[in-house]
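So that the names make sense, note that chain A is the first sequence line, chain B the second, and so on, each numbered from 1. Basis for what follows: all heavy atoms, side chains included, without hydrogens, waters or symmetry-related copies.
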2 protein chains.
Amino acid sequence: MTRDASPLEETVEEAPKLGRKRDHTRDPDILDAALEVLAETGYDGMTMEMVAARAKAGKATLYRRWPSKGELVIDAVACMKRGDFDRDHLPDTGTLRGDLVAMIKPHAIEDGARKMRIMAGLMSMISRNPELAEVARAAIVEPRASANRILLQRAIDRGEISEHSDIDSLAMLSQSMAIYRVLVLQKPVNRDFFIQLIDGVVLPAVGLGRPLATVDGGAGATDT
Amino acid sequence: MTRDASPLEETVEEAPKLGRKRDHTRDPDILDAALEVLAETGYDGMTMEMVAARAKAGKATLYRRWPSKGELVIDAVACMKRGDFDRDHLPDTGTLRGDLVAMIKPHAIEDGARKMRIMAGLMSMISRNPELAEVARAAIVEPRASANRILLQRAIDRGEISEHSDIDSLAMLSQSMAIYRVLVLQKPVNRDFFIQLIDGVVLPAVGLGRPLATVDGGAGATDT
DNA sequence: AAGATCCGGAACTACTCAGTTTCGTATAGA
DNA sequence: TCTATACGAAACTGAGTAGTTCCGGATCTT
(Lines give C-alpha, C1' and ligand atoms only; values in the text may rest on other atoms or scores of the structure.)
Protein backbone atom coordinates (compact mmCIF):
# COMPACT_ATOMS: atom_id res chain seq x y z
CA MET A 1 0.00 0.00 0.00
CA THR A 2 2.86 2.40 -0.60
CA ARG A 3 3.29 2.54 3.12
CA ASP A 4 6.23 4.55 4.33
CA ALA A 5 8.75 2.72 6.41
CA SER A 6 8.36 2.93 10.15
CA PRO A 7 9.38 6.27 11.68
CA LEU A 8 12.61 4.74 12.88
CA GLU A 9 13.99 4.01 9.45
CA GLU A 10 12.33 7.00 7.92
CA THR A 11 15.27 9.25 8.61
CA VAL A 12 17.40 6.86 6.61
CA GLU A 13 14.80 6.61 3.86
CA GLU A 14 14.55 10.34 3.44
CA ALA A 15 18.26 10.97 3.38
CA PRO A 16 19.59 9.27 0.22
CA LYS A 17 23.17 9.99 0.99
CA LEU A 18 24.58 9.09 -2.36
CA GLY A 19 23.74 7.73 -5.75
CA ARG A 20 20.45 7.84 -7.60
CA LYS A 21 17.47 9.33 -5.93
CA ARG A 22 14.76 7.02 -4.63
CA ASP A 23 12.38 8.11 -7.32
CA HIS A 24 10.23 5.00 -7.83
CA THR A 25 9.41 6.51 -11.18
CA ARG A 26 8.04 3.20 -12.46
CA ASP A 27 5.18 3.10 -9.97
CA PRO A 28 2.52 4.64 -12.24
CA ASP A 29 3.33 2.26 -15.08
CA ILE A 30 3.09 -0.70 -12.75
CA LEU A 31 -0.21 0.42 -11.25
CA ASP A 32 -1.66 1.04 -14.69
CA ALA A 33 -0.48 -2.37 -15.84
CA ALA A 34 -2.06 -3.95 -12.78
CA LEU A 35 -5.38 -2.30 -13.58
CA GLU A 36 -5.25 -3.49 -17.16
CA VAL A 37 -4.52 -7.06 -16.19
CA LEU A 38 -7.13 -6.86 -13.46
CA ALA A 39 -9.78 -5.78 -15.93
CA GLU A 40 -8.85 -8.56 -18.34
CA THR A 41 -8.35 -11.53 -16.07
CA GLY A 42 -9.76 -10.72 -12.63
CA TYR A 43 -7.97 -10.87 -9.31
CA ASP A 44 -7.29 -14.58 -9.28
CA GLY A 45 -6.36 -14.74 -12.93
CA MET A 46 -3.88 -11.92 -12.57
CA THR A 47 -0.28 -12.97 -11.96
CA MET A 48 2.61 -10.82 -10.89
CA GLU A 49 4.46 -11.93 -14.02
CA MET A 50 1.66 -10.57 -16.19
CA VAL A 51 1.79 -7.22 -14.45
CA ALA A 52 5.57 -7.06 -14.64
CA ALA A 53 5.59 -7.96 -18.32
CA ARG A 54 2.84 -5.44 -19.13
CA ALA A 55 4.78 -2.71 -17.34
CA LYS A 56 8.07 -3.87 -18.88
CA ALA A 57 9.39 -4.25 -15.37
CA GLY A 58 10.93 -7.05 -13.40
CA LYS A 59 8.96 -9.05 -10.90
CA ALA A 60 11.54 -8.08 -8.30
CA THR A 61 10.71 -4.42 -8.84
CA LEU A 62 7.11 -5.11 -7.93
CA TYR A 63 8.10 -6.80 -4.72
CA ARG A 64 10.57 -4.04 -3.88
CA ARG A 65 7.66 -1.66 -3.77
CA TRP A 66 4.69 -3.78 -2.58
CA PRO A 67 4.90 -6.59 -0.06
CA SER A 68 2.30 -8.76 -1.77
CA LYS A 69 -0.07 -9.12 -4.68
CA GLY A 70 -2.97 -8.06 -2.48
CA GLU A 71 -1.34 -4.79 -1.50
CA LEU A 72 -0.45 -4.00 -5.09
CA VAL A 73 -4.04 -4.52 -6.15
CA ILE A 74 -5.38 -2.34 -3.35
CA ASP A 75 -2.97 0.42 -4.34
CA ALA A 76 -3.88 0.10 -8.01
CA VAL A 77 -7.59 0.29 -7.32
CA ALA A 78 -7.15 3.20 -4.95
CA CYS A 79 -5.20 5.22 -7.46
CA MET A 80 -8.15 5.03 -9.84
CA LYS A 81 -9.85 7.74 -7.83
CA ARG A 82 -7.73 10.31 -9.62
CA GLY A 83 -9.11 11.45 -12.93
CA ASP A 84 -12.74 11.18 -12.03
CA PHE A 85 -15.42 13.83 -12.09
CA ASP A 86 -14.51 17.17 -10.62
CA ARG A 87 -17.36 18.17 -8.40
CA ASP A 88 -16.89 21.71 -9.70
CA HIS A 89 -17.17 20.94 -13.39
CA LEU A 90 -20.43 19.03 -13.44
CA PRO A 91 -22.87 19.97 -16.20
CA ASP A 92 -25.35 22.71 -15.29
CA THR A 93 -27.91 23.01 -18.04
CA GLY A 94 -30.80 24.23 -15.95
CA THR A 95 -32.84 21.03 -16.13
CA LEU A 96 -32.34 17.65 -14.51
CA ARG A 97 -32.71 15.87 -17.81
CA GLY A 98 -30.23 18.17 -19.45
CA ASP A 99 -27.71 17.55 -16.68
CA LEU A 100 -28.16 13.79 -16.74
CA VAL A 101 -27.87 13.62 -20.51
CA ALA A 102 -24.83 15.84 -20.44
CA MET A 103 -23.15 13.29 -18.18
CA ILE A 104 -23.24 10.78 -21.01
CA LYS A 105 -19.99 11.36 -22.82
CA PRO A 106 -18.07 8.74 -24.77
CA HIS A 107 -15.17 9.05 -22.39
CA ALA A 108 -17.39 8.63 -19.36
CA ILE A 109 -19.04 5.54 -20.83
CA GLU A 110 -15.74 3.94 -21.70
CA ASP A 111 -14.25 4.78 -18.33
CA GLY A 112 -17.32 3.41 -16.59
CA ALA A 113 -17.20 0.17 -18.55
CA ARG A 114 -13.56 -0.32 -17.63
CA LYS A 115 -14.30 0.26 -13.99
CA MET A 116 -17.07 -2.27 -14.12
CA ARG A 117 -14.80 -4.87 -15.63
CA ILE A 118 -12.36 -4.21 -12.83
CA MET A 119 -15.18 -4.41 -10.32
CA ALA A 120 -16.22 -7.77 -11.75
CA GLY A 121 -12.71 -9.08 -11.36
CA LEU A 122 -12.66 -7.96 -7.74
CA MET A 123 -16.17 -9.11 -6.79
CA SER A 124 -15.40 -12.39 -5.12
CA MET A 125 -12.45 -10.82 -3.33
CA ILE A 126 -14.48 -7.84 -2.18
CA SER A 127 -16.87 -10.03 -0.23
CA ARG A 128 -13.98 -11.32 1.81
CA ASN A 129 -11.63 -8.36 2.14
CA PRO A 130 -13.08 -5.30 3.88
CA GLU A 131 -10.10 -3.09 3.07
CA LEU A 132 -10.37 -3.85 -0.63
CA ALA A 133 -14.11 -3.37 -0.45
CA GLU A 134 -13.72 0.08 1.03
CA VAL A 135 -11.05 1.12 -1.44
CA ALA A 136 -13.11 -0.08 -4.39
CA ARG A 137 -16.17 1.70 -3.11
CA ALA A 138 -14.29 4.95 -2.67
CA ALA A 139 -12.53 4.75 -6.03
CA ILE A 140 -15.19 3.32 -8.32
CA VAL A 141 -18.64 3.70 -6.87
CA GLU A 142 -18.65 6.83 -4.79
CA PRO A 143 -17.44 9.41 -7.35
CA ARG A 144 -20.26 8.74 -9.79
CA ALA A 145 -22.92 8.33 -7.15
CA SER A 146 -22.01 11.60 -5.52
CA ALA A 147 -22.05 13.37 -8.88
CA ASN A 148 -25.60 12.16 -9.41
CA ARG A 149 -26.53 13.21 -5.91
CA ILE A 150 -25.36 16.73 -6.66
CA LEU A 151 -27.40 16.93 -9.86
CA LEU A 152 -30.51 15.68 -8.07
CA GLN A 153 -30.04 18.05 -5.17
CA ARG A 154 -29.75 20.94 -7.58
CA ALA A 155 -33.02 19.89 -9.18
CA ILE A 156 -34.65 19.90 -5.76
CA ASP A 157 -33.21 23.32 -4.97
CA ARG A 158 -34.57 24.62 -8.24
CA GLY A 159 -37.96 23.25 -7.30
CA GLU A 160 -37.88 21.08 -10.41
CA ILE A 161 -38.56 17.85 -8.52
CA SER A 162 -40.11 17.00 -5.19
CA GLU A 163 -37.98 17.43 -2.13
CA HIS A 164 -39.20 14.05 -0.99
CA SER A 165 -37.45 12.25 -3.82
CA ASP A 166 -35.36 9.30 -2.72
CA ILE A 167 -32.09 10.87 -3.75
CA ASP A 168 -29.83 8.14 -2.49
CA SER A 169 -31.60 5.39 -4.38
CA LEU A 170 -31.86 7.47 -7.52
CA ALA A 171 -28.19 8.38 -7.41
CA MET A 172 -27.28 4.71 -7.37
CA LEU A 173 -29.85 3.75 -9.94
CA SER A 174 -27.98 4.41 -13.15
CA GLN A 175 -24.86 2.78 -11.82
CA SER A 176 -26.62 -0.28 -10.51
CA MET A 177 -28.50 -0.76 -13.77
CA ALA A 178 -25.29 -0.30 -15.74
CA ILE A 179 -23.45 -2.84 -13.63
CA TYR A 180 -26.33 -5.24 -13.96
CA ARG A 181 -26.44 -4.78 -17.69
CA VAL A 182 -22.73 -5.17 -18.28
CA LEU A 183 -21.92 -7.91 -15.82
CA VAL A 184 -25.11 -9.92 -15.58
CA LEU A 185 -26.82 -9.38 -18.89
CA GLN A 186 -23.59 -8.88 -20.83
CA LYS A 187 -25.20 -6.30 -23.02
CA PRO A 188 -23.51 -3.09 -24.10
CA VAL A 189 -23.93 0.05 -22.04
CA ASN A 190 -24.10 2.81 -24.59
CA ARG A 191 -25.66 6.21 -25.00
CA ASP A 192 -29.02 4.78 -26.04
CA PHE A 193 -29.18 2.68 -22.91
CA PHE A 194 -28.58 5.65 -20.65
CA ILE A 195 -31.09 7.83 -22.49
CA GLN A 196 -33.71 5.14 -22.16
CA LEU A 197 -32.87 4.74 -18.50
CA ILE A 198 -33.17 8.47 -17.87
CA ASP A 199 -36.44 8.85 -19.76
CA GLY A 200 -37.97 5.52 -18.84
CA VAL A 201 -37.08 5.24 -15.18
CA VAL A 202 -35.25 8.12 -13.53
CA LEU A 203 -37.37 11.03 -14.74
CA PRO A 204 -40.70 9.21 -14.27
CA ALA A 205 -39.52 8.29 -10.78
CA VAL A 206 -39.07 11.94 -9.84
CA GLY A 207 -42.37 12.95 -11.36
CA LEU A 208 -41.05 14.36 -14.60
CA GLY A 209 -42.72 12.57 -17.47
CA ARG A 210 -41.07 12.11 -20.78
CA PRO A 211 -40.38 15.62 -22.06
CA LEU A 212 -40.97 15.40 -25.81
CA ALA A 213 -41.96 11.90 -26.80
CA THR A 214 -38.45 10.63 -26.11
CA VAL A 215 -37.35 11.14 -29.71
CA ASP A 216 -35.13 14.12 -29.00
CA GLY A 217 -33.89 15.71 -25.84
CA GLY A 218 -35.98 18.85 -26.14
CA ALA A 219 -34.67 20.13 -22.84
CA GLY A 220 -31.95 22.25 -24.37
CA ALA A 221 -29.18 20.01 -23.15
CA THR A 222 -25.73 21.03 -24.28
CA ASP A 223 -24.52 17.46 -24.45
CA THR A 224 -21.79 16.40 -26.86
CA MET B 1 -22.67 -31.37 -17.26
CA THR B 2 -24.52 -34.55 -16.52
CA ARG B 3 -24.38 -35.28 -20.19
CA ASP B 4 -25.65 -38.66 -21.16
CA ALA B 5 -23.19 -40.89 -22.86
CA SER B 6 -23.26 -40.96 -26.63
CA PRO B 7 -26.13 -42.99 -28.08
CA LEU B 8 -23.73 -45.80 -28.87
CA GLU B 9 -22.85 -46.52 -25.26
CA GLU B 10 -26.25 -45.57 -24.03
CA THR B 11 -27.57 -49.07 -24.57
CA VAL B 12 -24.79 -50.27 -22.34
CA GLU B 13 -25.49 -47.55 -19.80
CA GLU B 14 -29.13 -48.40 -19.58
CA ALA B 15 -28.59 -52.14 -19.31
CA PRO B 16 -26.71 -52.66 -16.01
CA LYS B 17 -26.11 -56.31 -16.51
CA LEU B 18 -25.02 -57.07 -13.01
CA GLY B 19 -24.26 -55.57 -9.65
CA ARG B 20 -25.48 -52.25 -8.25
CA LYS B 21 -27.52 -50.00 -10.44
CA ARG B 22 -25.91 -46.88 -11.78
CA ASP B 23 -27.86 -44.69 -9.45
CA HIS B 24 -25.53 -41.77 -8.90
CA THR B 25 -27.55 -41.07 -5.81
CA ARG B 26 -24.82 -38.77 -4.46
CA ASP B 27 -25.23 -36.22 -7.22
CA PRO B 28 -27.64 -33.88 -5.42
CA ASP B 29 -25.44 -33.78 -2.32
CA ILE B 30 -22.42 -32.96 -4.40
CA LEU B 31 -24.18 -30.23 -6.36
CA ASP B 32 -25.51 -28.69 -3.16
CA ALA B 33 -22.06 -28.83 -1.62
CA ALA B 34 -20.61 -27.16 -4.69
CA LEU B 35 -23.13 -24.33 -4.42
CA GLU B 36 -22.34 -23.83 -0.76
CA VAL B 37 -18.61 -23.67 -1.34
CA LEU B 38 -19.17 -21.46 -4.36
CA ALA B 39 -21.15 -18.98 -2.28
CA GLU B 40 -18.51 -18.93 0.41
CA THR B 41 -15.27 -18.80 -1.54
CA GLY B 42 -16.05 -17.98 -5.15
CA TYR B 43 -15.09 -19.94 -8.25
CA ASP B 44 -11.36 -19.61 -7.90
CA GLY B 45 -11.36 -20.15 -4.17
CA MET B 46 -13.40 -23.31 -4.48
CA THR B 47 -11.40 -26.53 -4.63
CA MET B 48 -12.61 -29.96 -5.53
CA GLU B 49 -11.40 -31.17 -2.14
CA MET B 50 -13.66 -28.68 -0.39
CA VAL B 51 -16.67 -29.83 -2.37
CA ALA B 52 -15.86 -33.49 -1.76
CA ALA B 53 -15.38 -32.93 1.97
CA ARG B 54 -18.59 -30.91 2.25
CA ALA B 55 -20.53 -33.64 0.49
CA LYS B 56 -18.71 -36.35 2.49
CA ALA B 57 -17.65 -37.82 -0.81
CA GLY B 58 -14.35 -38.70 -2.38
CA LYS B 59 -12.69 -36.52 -4.95
CA ALA B 60 -12.68 -39.50 -7.29
CA THR B 61 -16.46 -39.63 -7.14
CA LEU B 62 -16.64 -36.08 -8.40
CA TYR B 63 -14.41 -36.86 -11.34
CA ARG B 64 -16.32 -40.05 -12.10
CA ARG B 65 -19.35 -37.90 -12.73
CA TRP B 66 -17.99 -34.60 -14.07
CA PRO B 67 -14.97 -34.26 -16.33
CA SER B 68 -13.72 -31.05 -14.77
CA LYS B 69 -14.28 -28.42 -12.12
CA GLY B 70 -15.80 -26.09 -14.69
CA GLU B 71 -18.43 -28.61 -15.73
CA LEU B 72 -19.34 -29.36 -12.14
CA VAL B 73 -19.87 -25.67 -11.44
CA ILE B 74 -22.01 -25.22 -14.53
CA ASP B 75 -24.15 -28.17 -13.51
CA ALA B 76 -24.47 -26.90 -9.95
CA VAL B 77 -25.51 -23.43 -11.06
CA ALA B 78 -27.95 -24.82 -13.60
CA CYS B 79 -29.67 -27.02 -11.04
CA MET B 80 -30.49 -23.93 -9.00
CA LYS B 81 -33.29 -23.16 -11.42
CA ARG B 82 -35.41 -25.73 -9.61
CA GLY B 83 -37.24 -24.40 -6.58
CA ASP B 84 -37.80 -20.92 -7.88
CA PHE B 85 -41.03 -19.02 -8.34
CA ASP B 86 -43.87 -20.89 -9.95
CA ARG B 87 -45.28 -18.62 -12.55
CA ASP B 88 -48.73 -19.86 -11.53
CA HIS B 89 -48.48 -19.05 -7.84
CA LEU B 90 -47.45 -15.41 -8.01
CA PRO B 91 -49.27 -13.07 -5.64
CA ASP B 92 -52.41 -11.47 -7.07
CA THR B 93 -53.65 -8.83 -4.66
CA GLY B 94 -55.32 -6.56 -7.15
CA THR B 95 -52.76 -3.75 -6.96
CA LEU B 96 -49.21 -3.51 -8.22
CA ARG B 97 -47.96 -2.39 -4.84
CA GLY B 98 -49.72 -5.25 -3.13
CA ASP B 99 -48.20 -7.75 -5.52
CA LEU B 100 -44.69 -6.33 -5.19
CA VAL B 101 -44.90 -6.22 -1.41
CA ALA B 102 -46.27 -9.75 -1.32
CA MET B 103 -43.14 -10.91 -3.15
CA ILE B 104 -41.05 -9.90 -0.13
CA LYS B 105 -40.99 -13.03 1.95
CA PRO B 106 -38.21 -14.02 4.34
CA HIS B 107 -37.51 -17.11 2.29
CA ALA B 108 -37.33 -15.13 -0.93
CA ILE B 109 -34.94 -12.62 0.60
CA GLU B 110 -32.67 -15.31 1.97
CA ASP B 111 -32.73 -17.25 -1.27
CA GLY B 112 -31.99 -14.11 -3.22
CA ALA B 113 -29.07 -13.21 -0.99
CA ARG B 114 -27.57 -16.64 -1.45
CA LYS B 115 -27.91 -16.42 -5.20
CA MET B 116 -26.21 -13.07 -5.17
CA ARG B 117 -23.30 -14.44 -3.19
CA ILE B 118 -23.00 -17.20 -5.76
CA MET B 119 -23.25 -14.66 -8.54
CA ALA B 120 -20.44 -12.66 -6.95
CA GLY B 121 -18.25 -15.72 -6.83
CA LEU B 122 -18.90 -16.36 -10.51
CA MET B 123 -18.56 -12.76 -11.73
CA SER B 124 -15.03 -12.81 -13.01
CA MET B 125 -15.61 -16.21 -14.61
CA ILE B 126 -18.86 -15.12 -16.23
CA SER B 127 -17.13 -12.42 -18.24
CA ARG B 128 -14.92 -15.05 -19.83
CA ASN B 129 -17.16 -18.10 -20.15
CA PRO B 130 -20.28 -17.65 -22.29
CA GLU B 131 -21.75 -21.02 -21.34
CA LEU B 132 -21.49 -20.26 -17.65
CA ALA B 133 -22.88 -16.78 -18.27
CA GLU B 134 -25.94 -18.20 -19.99
CA VAL B 135 -26.53 -20.83 -17.33
CA ALA B 136 -26.23 -18.28 -14.54
CA ARG B 137 -28.57 -15.91 -16.29
CA ALA B 138 -31.18 -18.61 -16.80
CA ALA B 139 -30.92 -19.95 -13.25
CA ILE B 140 -30.44 -16.81 -11.19
CA VAL B 141 -31.61 -13.66 -12.88
CA GLU B 142 -34.27 -14.72 -15.33
CA PRO B 143 -36.76 -16.32 -12.90
CA ARG B 144 -37.10 -13.25 -10.74
CA ALA B 145 -37.06 -10.81 -13.62
CA SER B 146 -39.82 -12.68 -15.41
CA ALA B 147 -41.89 -12.81 -12.23
CA ASN B 148 -41.66 -9.03 -12.01
CA ARG B 149 -42.52 -8.71 -15.68
CA ILE B 150 -45.69 -10.69 -15.10
CA LEU B 151 -46.75 -8.48 -12.20
CA LEU B 152 -46.12 -5.34 -14.21
CA GLN B 153 -47.95 -6.66 -17.24
CA ARG B 154 -50.95 -7.47 -15.07
CA ALA B 155 -50.93 -3.91 -13.76
CA ILE B 156 -50.94 -2.66 -17.34
CA ASP B 157 -53.78 -5.00 -18.27
CA ARG B 158 -55.78 -3.70 -15.30
CA GLY B 159 -55.17 -0.19 -16.49
CA GLU B 160 -53.42 0.56 -13.23
CA ILE B 161 -50.26 1.88 -14.89
CA SER B 162 -49.45 3.30 -18.30
CA GLU B 163 -48.98 0.86 -21.11
CA HIS B 164 -45.90 2.83 -22.08
CA SER B 165 -44.06 1.85 -18.93
CA ASP B 166 -40.58 0.52 -19.52
CA ILE B 167 -41.42 -2.95 -18.26
CA ASP B 168 -38.06 -4.52 -19.02
CA SER B 169 -36.07 -1.94 -17.12
CA LEU B 170 -38.50 -1.96 -14.21
CA ALA B 171 -38.44 -5.74 -13.98
CA MET B 172 -34.68 -5.66 -13.59
CA LEU B 173 -34.70 -2.70 -11.26
CA SER B 174 -35.23 -4.39 -7.93
CA GLN B 175 -32.74 -7.09 -8.74
CA SER B 176 -30.08 -4.72 -9.98
CA MET B 177 -30.47 -2.50 -6.93
CA ALA B 178 -30.32 -5.53 -4.65
CA ILE B 179 -27.18 -6.84 -6.31
CA TYR B 180 -25.63 -3.41 -6.12
CA ARG B 181 -26.52 -3.08 -2.47
CA VAL B 182 -25.28 -6.51 -1.44
CA LEU B 183 -22.17 -6.79 -3.55
CA VAL B 184 -21.00 -3.23 -3.99
CA LEU B 185 -22.32 -1.43 -0.95
CA GLN B 186 -22.20 -4.48 1.30
CA LYS B 187 -25.32 -3.39 3.06
CA PRO B 188 -28.12 -5.77 4.06
CA VAL B 189 -31.01 -6.36 1.71
CA ASN B 190 -34.00 -6.68 3.99
CA ARG B 191 -37.69 -6.03 3.93
CA ASP B 192 -37.26 -2.32 4.68
CA PHE B 193 -34.94 -1.91 1.75
CA PHE B 194 -37.40 -3.47 -0.66
CA ILE B 195 -40.33 -1.46 0.68
CA GLN B 196 -38.36 1.73 0.28
CA LEU B 197 -37.36 0.69 -3.23
CA ILE B 198 -40.94 -0.03 -4.20
CA ASP B 199 -42.35 3.18 -2.75
CA GLY B 200 -39.41 5.44 -3.54
CA VAL B 201 -38.51 4.32 -7.04
CA VAL B 202 -40.65 1.67 -8.70
CA LEU B 203 -44.11 3.06 -8.01
CA PRO B 204 -43.14 6.68 -8.70
CA ALA B 205 -41.57 5.49 -11.94
CA VAL B 206 -44.87 4.01 -13.14
CA GLY B 207 -46.84 7.05 -12.10
CA LEU B 208 -48.23 5.72 -8.86
CA GLY B 209 -47.23 8.07 -6.08
CA ARG B 210 -46.71 6.92 -2.56
CA PRO B 211 -50.05 5.47 -1.50
CA LEU B 212 -50.33 6.48 2.15
CA ALA B 213 -47.34 8.50 3.27
CA THR B 214 -45.11 5.41 3.21
CA VAL B 215 -45.78 4.66 6.86
CA ASP B 216 -48.02 1.71 6.24
CA GLY B 217 -48.86 -0.23 3.15
CA GLY B 218 -52.51 0.75 3.06
CA ALA B 219 -53.03 -1.15 -0.18
CA GLY B 220 -54.55 -4.20 1.48
CA ALA B 221 -51.61 -6.40 0.67
CA THR B 222 -51.83 -9.87 2.13
CA ASP B 223 -48.11 -10.13 2.64
CA THR B 224 -46.59 -12.34 5.31
C1' DA C 1 35.47 8.96 -13.76
C1' DA C 2 33.96 6.84 -9.33
C1' DG C 3 30.55 5.41 -6.20
C1' DA C 4 26.12 4.33 -4.70
C1' DT C 5 21.68 2.91 -5.86
C1' DC C 6 17.93 1.22 -8.59
C1' DC C 7 16.40 -1.58 -12.27
C1' DG C 8 15.17 -5.78 -15.43
C1' DG C 9 15.86 -10.54 -16.04
C1' DA C 10 16.26 -15.08 -14.85
C1' DA C 11 16.75 -18.87 -11.91
C1' DC C 12 15.01 -20.82 -7.80
C1' DT C 13 11.95 -22.40 -3.73
C1' DA C 14 7.82 -23.73 -1.66
C1' DC C 15 3.18 -24.52 -2.03
C1' DT C 16 -1.43 -25.20 -3.84
C1' DC C 17 -4.54 -27.56 -6.53
C1' DA C 18 -6.66 -30.02 -10.77
C1' DG C 19 -6.88 -34.34 -12.17
C1' DT C 20 -5.36 -39.60 -11.78
C1' DT C 21 -4.60 -43.96 -9.80
C1' DT C 22 -5.04 -47.44 -6.45
C1' DC C 23 -7.19 -50.11 -2.98
C1' DG C 24 -10.21 -51.78 0.53
C1' DT C 25 -15.15 -51.66 1.44
C1' DA C 26 -20.19 -51.38 1.07
C1' DT C 27 -24.15 -52.72 -1.42
C1' DA C 28 -27.51 -54.50 -4.59
C1' DG C 29 -28.76 -58.09 -7.60
C1' DA C 30 -28.16 -63.09 -9.14
C1' DT D 1 -23.47 -66.46 -0.80
C1' DC D 2 -21.19 -64.77 -4.71
C1' DT D 3 -20.11 -61.09 -7.94
C1' DA D 4 -20.06 -56.84 -10.22
C1' DT D 5 -20.16 -52.24 -9.41
C1' DA D 6 -19.89 -47.77 -7.13
C1' DC D 7 -17.99 -45.67 -3.37
C1' DG D 8 -14.55 -43.02 0.15
C1' DA D 9 -9.95 -42.38 1.31
C1' DA D 10 -5.44 -41.47 0.39
C1' DA D 11 -1.33 -41.20 -2.24
C1' DC D 12 0.44 -39.40 -6.32
C1' DT D 13 1.64 -36.41 -10.65
C1' DG D 14 2.21 -32.27 -13.00
C1' DA D 15 1.40 -27.57 -13.82
C1' DG D 16 1.19 -22.97 -12.30
C1' DT D 17 2.32 -19.19 -9.28
C1' DA D 18 3.54 -16.19 -5.07
C1' DG D 19 7.47 -14.68 -3.33
C1' DT D 20 12.95 -14.70 -3.07
C1' DT D 21 17.59 -14.26 -4.51
C1' DC D 22 21.28 -12.98 -7.33
C1' DC D 23 23.61 -10.48 -10.91
C1' DG D 24 25.00 -7.36 -14.68
C1' DG D 25 23.94 -3.02 -16.42
C1' DA D 26 21.92 1.58 -16.42
C1' DT D 27 21.66 6.07 -14.26
C1' DC D 28 22.25 9.75 -11.21
C1' DT D 29 25.33 12.34 -7.95
C1' DT D 30 29.66 13.99 -6.66
> Do the side chains of A/Met46 and A/Leu72 get nearer than 4.5 Å, heavy atoms only?
Replying inline: yes

> Can you tell which of A/Asp166, A/Asp168, A/Asp99 makes a salt bridge (Lys or Arg N to Asp or Glu O under 4.0 Å) with A/Arg149?
Replying inline: A/Asp168

>> Nearest 0.5 angstrom please: A/Asn148 CG to A/Leu170 CG, how far?
In response: 9.5 Å

> Given atom CG of B/Asp44 and atom P of C/dT16, what is their separation to the nearest angstrom?
Replying inline: 17 Å

> Just how far, in rounded Å, is C1' of C/dA18 from OH of B/Tyr43?
Replying inline: 10 Å

> Does B/Tyr63 place a side-chain N or O at less than 4.0 Å from the phosphate oxygens OP1/OP2 of C/dG19?
Replying inline: yes

> Considering only heavy atoms, which members of residues 34-42 of chain A lie under 4.0 Å from some atom of DNA chain D?
Replying inline: none

>> Within 45 degrees of the ring normal and closer than 6.0 Å to the centroid, is that where the cationic atom of A/Lys69 sits relative to A/Tyr43?
In response: yes

> So, are B/Glu110 and B/Lys105 salt-bridged, with charged N and O less than 4.0 Å apart?
Replying inline: no

> Is there a side-chain polar atom (N or O) of B/Arg65 under 4.0 Å from OP1 or OP2 of D/dA6?
Replying inline: no

> Any donor-acceptor pair under 3.5 Å between the side chain of B/Arg64 and the base of D/dG8?
Replying inline: yes

> Does any N or O in the side chain of A/Asp86 come within less than 3.5 Å of the main-chain N or O of A/His89, such that one atom is a donor and the other an acceptor?
Replying inline: no

> For DNA chain D, which residues in residues 48-62 of chain A have a heavy atom at a distance below 4.0 Å?
Replying inline: A/Met48, A/Lys59, A/Ala60

>> Output the rounded distance in Å from CG (A/Asp27) to P (C/dC6).
In response: 13 Å

> Between B/Asp29 and B/Lys56, is there a side-chain N and carboxylate O pair less than 4.0 Å apart?
Replying inline: no

>> Please determine whether a side-chain nitrogen of the Lys or Arg among A/Arg54 and A/Glu40 lies less than 4.0 Å from a carboxylate oxygen of the Asp or Glu.
In response: yes

